[in-house]
Amino acid sequence: MSHSTPTDDELLLETDYTSYASSCRDPHITPTNDLVECRRQTGHDDTHATRGGLCAIRWEVQAPRVA
């Protein structure tokens with residue numbers, strides 16, 4: 001199954017309507033050293049995102065580390 005990359009509008013809509021308790025909350029440090037958390041619905045398997053004003057801040061899902 002092919003997944004298309006979500007648009008900023010789709011990500012913003014999802015983050016706006018996902019409660020904090022139901023959100024992924026994967027942490028990310030932005031290039032400006034701000035700590036943000038993914039506000040997409042828990043269980044997504046593609047791009048992480050949160051709102052950054054009028055645009056979406058997005059980052060990639062990282063593969064788990066193997067010890």
Side-chain angles (χ1 to χ4, degrees):
M1 175 157 92
S2 169
H3 291 281
S4 62
T5 302
T7 66
D8 271 12
D9 288 341
E10 292 168 331
L11 290 172
L12 293 174
L13 188 63
E14 181 179 357
T15 61
D16 286 349
Y17 286 95
T18 300
S19 71
Y20 186 75
S22 298
S23 65
C24 169
R25 295 186 293 233
D26 180 74
H28 175 68
I29 303 292
T30 67
T32 57
N33 289 323
D34 292 317
L35 174 63
V36 295
E37 293 179 322
C38 181
R39 290 301 312 274
R40 294 188 70 196
Q41 186 72 32
T42 300
H44 69 89
D45 62 358
D46 58 347
T47 305
H48 290 292
T50 194
R51 178 176 280 281
L54 297 176
C55 5
I57 299 171
R58 50 174 88 218
W59 61 100
E60 297 304 312
V61 173
Q62 298 295 316
R65 289 178 148 183
V66 177

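Note that the coordinates shown come from a computational prediction; the quantities given were computed from them, not determined experimentally. We count residues from 1, following the sequence as given.
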Check your understanding: Hydrophobic cluster mates of L13, side-chain heavy atoms under 4.5 angstrom, ILVMFWY only, any path?
Key ->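 Via sub-4.5 Å side-chain contacts, L13 links to Y17.
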**Study point:** Qualifying salt bridge (Lys or Arg N to Asp or Glu O under 4.0 Å) pairs, either residue in residues 16-26, two or more places apart
**Key:** D16-R51
Practice item. Can you tell me which residue pairs pass the salt bridge (Lys or Arg N to Asp or Glu O under 4.0 Å) test with a partner in residues 32-41, sequence neighbours excluded? Key: E14-R40, R40-D46
Review point. When you measure from the side chain of R58 to the backbone N and O of L11, does any donor-acceptor pair fall under 3.5 Å?
Key: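 Answer holds: no.
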Point to revise | T47 (side chain) donor-acceptor with E60 (main chain) under 3.5 angstrom | key: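 The answer is no, because no donor-acceptor pair under 3.5 Å joins these two groups.
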Point to revise | Results of side chain to side chain contact (heavy atoms under 4.5 Å, CB included) for I29 - residues two or more places apart only | key: N33, L35
Check your understanding: Got a sec, which residues hit side chain to side chain contact (heavy atoms under 4.5 Å, CB included) with H28, two or more places apart in sequence or on another chain?
Key ->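 T30, V36, W59.
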Exercise for review: Search all heavy atoms of D8 against all heavy atoms of C55 and return the closest pair with its distance.
Suggested key: OD2-CB, 3.9 Å
Exercise for review: Taking side chain to side chain donor-acceptor pair (under 3.5 Å) as the test, write out the residues that go with S22, two or more places apart.
Suggested key: S19
Review point. How long is the span from the SG atom in C38 to the CD1 atom in I57, to the nearest 0.5 Å?
Key: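 Answer for the SG-CD1 pair, C38 versus I57, is 11.5 Å.
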